[in-house]
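Labels below follow one simple rule: chain letters A, B, ... track the order of the sequence lines, proteins then strands, and each chain is numbered from 1. As the structure is a computational prediction, the values presented were derived from the model and not from experiment.
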There are 2 protein chains.
Amino acid sequence: MQGLVGQGLTGQNRGNGPASPPEHPVQTGLTIDSLPADSALDGRGPLFDQIKRAVAGQILRGRWQAGQRLPNEAELSSLYGVSRQTVHKAIALLAREGFLVRRRRAGTFVATGRRDRFALPIEDIGDVVAREGRVYEFRIRDRRSLRNGEGIRWPDLPDGTPILALECLHFSDGTPIQHERRLVNLDVVPEVVDESFDVVAPSRWLVDRVPWSSADHTVRAVNATAEMAALLGVEAGAACLSIRRQTMHLSRPVTLVHFLSVGDRFTLSGSSITDSATELNL
Amino acid sequence: MQGLVGQGLTGQNRGNGPASPPEHPVQTGLTIDSLPADSALDGRGPLFDQIKRAVAGQILRGRWQAGQRLPNEAELSSLYGVSRQTVHKAIALLAREGFLVRRRRAGTFVATGRRDRFALPIEDIGDVVAREGRVYEFRIRDRRSLRNGEGIRWPDLPDGTPILALECLHFSDGTPIQHERRLVNLDVVPEVVDESFDVVAPSRWLVDRVPWSSADHTVRAVNATAEMAALLGVEAGAACLSIRRQTMHLSRPVTLVHFLSVGDRFTLSGSSITDSATELNL
DNA sequence: TCGGAGATAATGTATGTACATAATCTTTCG
DNA sequence: CGAAAGATTATGTACATACATTATCTCCGA
């Protein structure tokens with residue numbers, strides 16, 4: 001029963017039946033030029049969403065420029081013919097999504113902050129392979145229990161902490177595409193010593209089991225060493241994508257992993273969408 | 001604001017009489033075991049934030065497991081001694097951040113969705129270099145106005161659309177670190193033809209000027225061709241990070257850019273933090 | 001002119017109330 | 001027994017009200 005995937009939400013387009021804002025008094029004299037036609041609410045979905053769309057639309061269309069001050073909540077309220085609470089909810093959400101900046105007493109401003117917060121999603125290799133319709137397999141090459149500092153050192157972890165060290169290879173349709181070297185903090189995840197990883201890959205096992213609160217990533221390009229080249233079935237020196245990830249939970253390191261993937265068999269890709277734009281369909 | 005906790009944050013919990021819920025008899029037998037000590041509110045910040053922390057804490061500590069159902073708003077309300085609106089705000093925000101899934105009539109559940117939405121921020125090269133305390137420079141190597149399909153083809157753009165093609169190099173302390181090849185849709189950004197890019201780099205100029213609603217990225221590792229190697233001052237075959245980005249605005253392509261960076265001089269890195277964890281300080 | 005005290009204007013939070021919406025559960029009737 | 005109709009329950013939205021919190025502005029006096 002916990003299947004549940006996409007939350008369906010969003011009231012459909014009911015033909016703005018109840019209490020639509022027909023003839024509000026319009027408060028002629030005011031700050032911002034009376035809004036042009038395309039600032040009107042569109043009647044689709046909840047009021048606060050309509051207002052979000054209307055405001056974000058003004059910004060995305062460049063009508064409200066970065067740094068410019070918006071009408072205050074009371075003005076917007078009478079402008080759109082809804083209560084201040086409803087305006088507040090819409091505007092506060094847009095601010096939370098980074099479109100606006102609000103300062104008490106000063107007002108609400110279009111965020112100057114350049115919207116260059118591109119974000120690249122990093123997915124589980126198994127998911128990627130499966131999504132491409134290929135057969136995913138993995139093989140554990142090595143598995144050792146030891147203490148930090150004994151041959152291997154995990155910088156963010158105190159020496160002596162018990163850790164599990166894993167090494168494994170990932171395959172797509174039988175071709176090796178990624179090498180993984182992983183350390184797991186046994187103080188945080190002691191159960192992992194009882195897991196054979198016959199069926200579930202370590203990354204998936206961990207992600208299913210341990211919540212994390214933060215993750216650090218470093219992505220770089222490196223030339224394959226002779227050893228790695230042999231494992232991955234490419235020539236020495238082939239360009240490889242190297243991903244290092246450390247996840248933390250409640251300020252404690254959980255796992256440190258190093259992925260190495262063949263450059264022309266694996267790419268990171270994804271689309272970042274401005275939160276609002278998603279809902280806005282702009 | 002990280003000063004002392006201080007500020008009498010008002011509205012402490014229960015006890016305060018004014019029209020609190022009509023003293024319903026605590027509903028003994030029910031859903032969640034009466035919450036242990038660490039589920040109490042901590043008195044820091046607004047009530048809805050305290051409730052967010054309390055609930056997210058239960059989840060992150062594994063006390064409320066994935067798929068499990070939470071007490072309903074009314075129960076939480078009497079549990080924490082706040083109004084349903086306040087509980088609703090906290091829970092709705094957690095749901096919006098992906099911690100919870102809510103279904104009408106059914107209730108609120110801890111999200112099973114694996115929290116594997118790692119995201120990697122992709123920054124402007126100029127920002128990165130500057131942050132490292134190095135001197136950033138760039139040089140335009142080529143600049144041409146042409147129409148799509150004439151020698152260059154931008155797949156997502158109709159043939160014949162006027163475009164500006166740029167090629168430039170980015171330097172850190174005088175060392176070349178990134179090569180950029182960029183196409184700009186002149187139908188969307190006609191002003192760009194009047195910009196010399198003497199001072200501001202194209203990426204920065206665009207990001208400051210044109211809002212975007214979505215961006216596609218592809219990151220891969222490639223071996224430097226002889227030509228690129230010469231430009232970047234490395235040996236042919238050196239591993240390079242290749243980033244392709246297309247940004248769209250209102251469903252129209254704005255710019256398509258191809259970055260190539262020397263593997264050992266440039267890395268992508270960043271930390272993804274669960275939205276809530278930020279505020280939670282967990 | 002400067003500095004500070006106080007007024008003011010904007011957003012932020014909390015509560016109450018009412019009703020809408022969507023599942024789920026229950027009952028009833030063929 | 002099973003399907004349709006209705007009751008129930010939990011969340012979702014909207015509005016009103018009240019007060020808290022903070023910058024900012026104004027004005028007054030040394």
K.L.:
Would you mind reading off the distance between A:D49 atom CG and D:dA14 atom C1', rounded to a whole angstrom?
P.N.:
13 Å
K.L.:
For the CG atom of B:N185 and the CD atom of B:Q246, what is their distance to the nearest 0.5 Å?
P.N.:
10.0 Å
K.L.:
Given C:dA14, C:dT11, D:dG12, which nucleotide is nearest the side-chain atoms of B:F48?
P.N.:
C:dA14
K.L.:
Where the side chain of A:P46 is concerned, which of D:dA14, D:dG12, D:dT24 is the nearest nucleotide?
P.N.:
D:dA14
K.L.:
Return the value, rounded to whole Å, for the distance between atom CZ of A:R84 and atom P of C:dA9.
P.N.:
14 Å
K.L.:
Tell me whether the OP1 or OP2 atom of D:dT24 has a side-chain N or O from A:R103 closer than 4.0 Å.
P.N.:
yes
K.L.:
What is the separation between atom CZ on B:R102 and atom C1' on C:dA23, rounded to the nearest whole Å?
P.N.:
14 Å
K.L.:
As a test of reading the structure: which of C:dT21, C:dA7, C:dG12 is closest to the side chain of A:R105, going by heavy atoms?
P.N.:
C:dA7
K.L.:
Measuring to OP1 and OP2 of D:dA14, would you say a side-chain N or O of A:K89 lies under 4.0 angstrom away?
P.N.:
no
K.L.:
Can you check the B:R96 CZ to D:dT11 P distance for me, whole Å?
P.N.:
17 Å
K.L.:
Could you tell me whether the side chain of A:Q85 has a donor or acceptor atom within less than 3.5 Å of a complementary atom in the base of D:dA16?
P.N.:
yes
K.L.:
Taking atom P of C:dG12 as reference, at what distance in whole Å does atom CG of A:L94 sit?
P.N.:
12 Å
K.L.:
Could you state the atom-to-atom distance from CG of A:N72 to P of C:dT8 in whole Å?
P.N.:
17 Å
K.L.:
Over how many whole Å does the gap from B:L47 atom CG to D:dT21 atom P extend?
P.N.:
12 Å
K.L.:
What I want to check is whether the side chains of B:T108 and B:R102 have a donor and an acceptor closer together than 3.5 Å.
P.N.:
yes
K.L.:
Give the rounded distance in Å between these two atoms: CD of B:E73 and P of C:dA22.
P.N.:
17 Å
K.L.:
Any side-chain N or O of B:T86 below 4.0 angstrom from OP1/OP2 of C:dT13?
P.N.:
no
K.L.:
Drop me the distance from A:L70's CG to A:I59's CD1, to the nearest 0.5 angstrom.
P.N.:
6.0 Å
K.L.:
How long is the straight-line distance from NE2 of A:H88 back to OG of A:S77, given to the nearest 0.5 Å?
P.N.:
13.0 Å
K.L.:
Check whether any side-chain N or O of A:T108 sits under 4.0 Å from OP1 or OP2 of C:dT11, and answer yes or no.
P.N.:
yes
K.L.:
Does OP1 or OP2 of D:dT24 have a side-chain N or O of A:R104 closer than 4.0 Å?
P.N.:
no
K.L.:
Starting at the 5' end of DNA chain C and moving along, which residue's nearest nucleotide shows up first, B:A106 or A:G107?
P.N.:
A:G107
K.L.:
Between the side chain of B:Q68 and the main-chain N/O of B:Q65, is any donor-acceptor distance below 3.5 Å?
P.N.:
yes
